[in-house]
Every structure is written in structure tokens, then in C-alpha cells.
Amino acid sequence: KAMKMVATSKMKVVVRNLENGKDFGVHEVPFMIENNSYYQAKLIEPKNDVTLLVPVTADRGLCGASNSGIVRDIKNIIGDNRANYKIFAIGDKAAAALKRPYPELLTFGAHELPNPVNYSTAMAIANHIQNS
């Protein structure tokens with residue numbers, strides 16, 4: 001019973017952090033890119049019509065339902081259009097769940113990340129995503 005209470009309190013912290021950060025930079029990034037000449041010069045035209053899906057899963061107690069929902073959503077998005085998608089999995093659970101049905105779509109993954117994720121780790125992940 002004590003383990004469930006500890007897991008529940010940790011899960012509450014994670015959910016609160018996700019809720020607080022989910023809208024961070026959503027509207028600012030397109031604005032910065034549109035209004036900055038440096039970014040405009042660096043913009044690259046897409047080479048193909050492949051969409052990169054980035055499922056982010058957690059390896060904490062009581063996260064199973066969230067992880068399952070994320071994997072289910074990825075499977076629904078891909079459907080029968082395997083040629084139009086690639087997957088960059090962040091977290092062990094997403095990679096494990098998507099490895100069997102979509103082995104050819106998993107391009108790269110990030111596992112065993114420090115907690116909380118710091119700026120340099122986030123930049124390294126963003127660099128890998130950009131190069132995928």
C-alpha cells in the first residue's frame with residue numbers, strides 16, 4: 001500500500017509538470033521563425049512527404065495507461081500508410097511497444113534520460129529529431 005501511495009504522488013508531480021509545460025512555446029516558435037531573417041535563411045524545404053512521429057513515454061509507476069494511450073494513438077495515426085511515417089521514440093515503453101509492429105519505421109530513440117531533463121539533453125534530442 002505504501003508503494004502505491006509513493007507511486008501516486010510521483011505520478012501527480014509528473015502530470016502537473018506535463019500540464020504546466022504542454023503549451024510552452026506553441027505560439028512563440030512559429031512567430032520567431034516568421035519574423036527572424038536568420039531563421040528564414042536557414043529554413044530547409046522538406047525533401048519528402050514523410051511525417052516524423054515522436055511519442056514520449058514515461059517509465060514511472062502508474063504511467064501504463066498514458067503510455068498505452070500514446071502507443072494506441074500512434075498506431076491509429078499510421079494505419080495502413082507505413083510509407084508516409086517514421087517514428088522517433090522517446091522512452092523505453094514507446095520503443096518496446098512499437099518495435100514489433102513497426103520495426104522499419106523506428107529510426108532512433110532516446111532512453112534512460114536524466115530526471116528532470118535538462119537543457120543540454122533536450123537540445124541533443126532536438127538535434128537528433130532534426131536530423132532524422
Side-chain angles (χ1 to χ4, degrees):
K1 185 151 179 130
M3 292 297 289
K4 281 188 179 181
M5 291 174 53
V6 170
T8 303
S9 67
K10 287 183 178 181
M11 181 66 180
K12 284 180 183 178
V13 171
V14 171
V15 169
R16 186 180 66 232
N17 289 343
L18 285 173
E19 287 293 323
N20 290 339
K22 72 179 180 181
D23 295 325
F24 180 74
V26 171
H27 303 291
E28 287 78 13
V29 172
F31 178 76
M32 289 185 329
I33 291 173
E34 290 172 4
N35 296 315
N36 191 313
S37 60
Y38 176 76
Y39 286 130
Q40 288 294 326
K42 292 291 183 180
L43 283 178
I44 300 170
E45 291 296 321
K47 299 173 187 169
N48 51 23
D49 294 330
V50 175
T51 302
L52 181 67
L53 301 172
V54 184
V56 179
T57 57
D59 194 17
R60 292 223 174 171
L62 304 177
C63 289
S66 300
N67 294 340
S68 297
I70 291 167
V71 170
R72 189 178 323 111
D73 289 343
I74 293 291
K75 288 180 178 180
N76 290 338
I77 290 169
I78 293 174
D80 295 330
N81 301 330
R82 288 176 177 254
N84 296 339
Y85 296 100
K86 285 185 177 182
I87 300 171
F88 182 99
I90 298 178
D92 292 330
K93 301 301 181 180
L98 296 169
K99 175 173 40 176
R100 190 167 147 234
Y102 306 112
E104 73 279 3
L105 300 183
L106 281 168
T107 59
F108 196 79
H111 310 287
E112 299 180 16
L113 300 173
N115 187 18
V117 175
N118 56 24
Y119 181 76
S120 59
T121 304
M123 288 303 296
I125 293 170
N127 189 30
H128 281 293
I129 289 173
Q130 187 177 18
N131 293 332
S132 292

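Only a predicted model underlies this, so the values are computations on that prediction, with no experimental measurement involved. Start at 1 with the first residue, then count along the sequence.
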From [X] [atom1] over to [Y] [atom2], what is the distance, rounded to the nearest 0.5 angstrom?
{"X": "K75", "Y": "L53", "atom1": "NZ", "atom2": "CG", "answer": "13.5 Å"}
{"X": "N81", "Y": "D49", "atom1": "CG", "atom2": "CG", "answer": "12.0 Å"}
{"X": "T8", "Y": "M3", "atom1": "OG1", "atom2": "CE", "answer": "11.0 Å"}
{"X": "L105", "Y": "K86", "atom1": "CG", "atom2": "NZ", "answer": "9.5 Å"}
{"X": "F88", "Y": "L106", "atom1": "CZ", "atom2": "CG", "answer": "10.5 Å"}

Any [X] side-chain heavy atom under 4.5 Å of [Y] side chain:
{"X": "I87", "Y": "F108", "answer": "no"}
{"X": "P114", "Y": "T121", "answer": "yes"}
{"X": "Y85", "Y": "V50", "answer": "no"}
{"X": "V14", "Y": "K10", "answer": "no"}
{"X": "I125", "Y": "V54", "answer": "no"}

TODO: Return yes if some donor-acceptor pair links the side-chain N/O of N127 with the main-chain N/O of M123 below 3.5 Å, else return no.
DONE: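 No; zero donor-acceptor contacts below 3.5 Å.
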Task: Exam field: side chain N84 to backbone T51, donor-acceptor pair closer than 3.5 Å - done: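 Not confirmed, N84 side chain does not pair with T51 backbone.
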Give the minimum heavy-atom separation between [X] and [Y], together with the two atoms involved.
{"X": "A122", "Y": "V117", "result": "N-CG1, 3.9 Å"}
{"X": "S66", "Y": "M11", "result": "OG-CE, 4.1 Å"}
{"X": "A89", "Y": "A95", "result": "CB-N, 3.8 Å"}

TODO: Is it possible for you to say whether L52 and I74 belong to one hydrophobic cluster, with membership spreading through side-chain heavy-atom contacts below 4.5 Å?
DONE: no
Task: K93 and its side-chain contact (heavy atoms from CB on, under 4.5 Å) partner, picked from I70, V71, T57 - done: T57
Open item on the list: Atom CD of residue position E112 - does it have more than 12 heavy atoms of other residues, nucleotides or ligands inside 6.0 Å?
Closed with: no
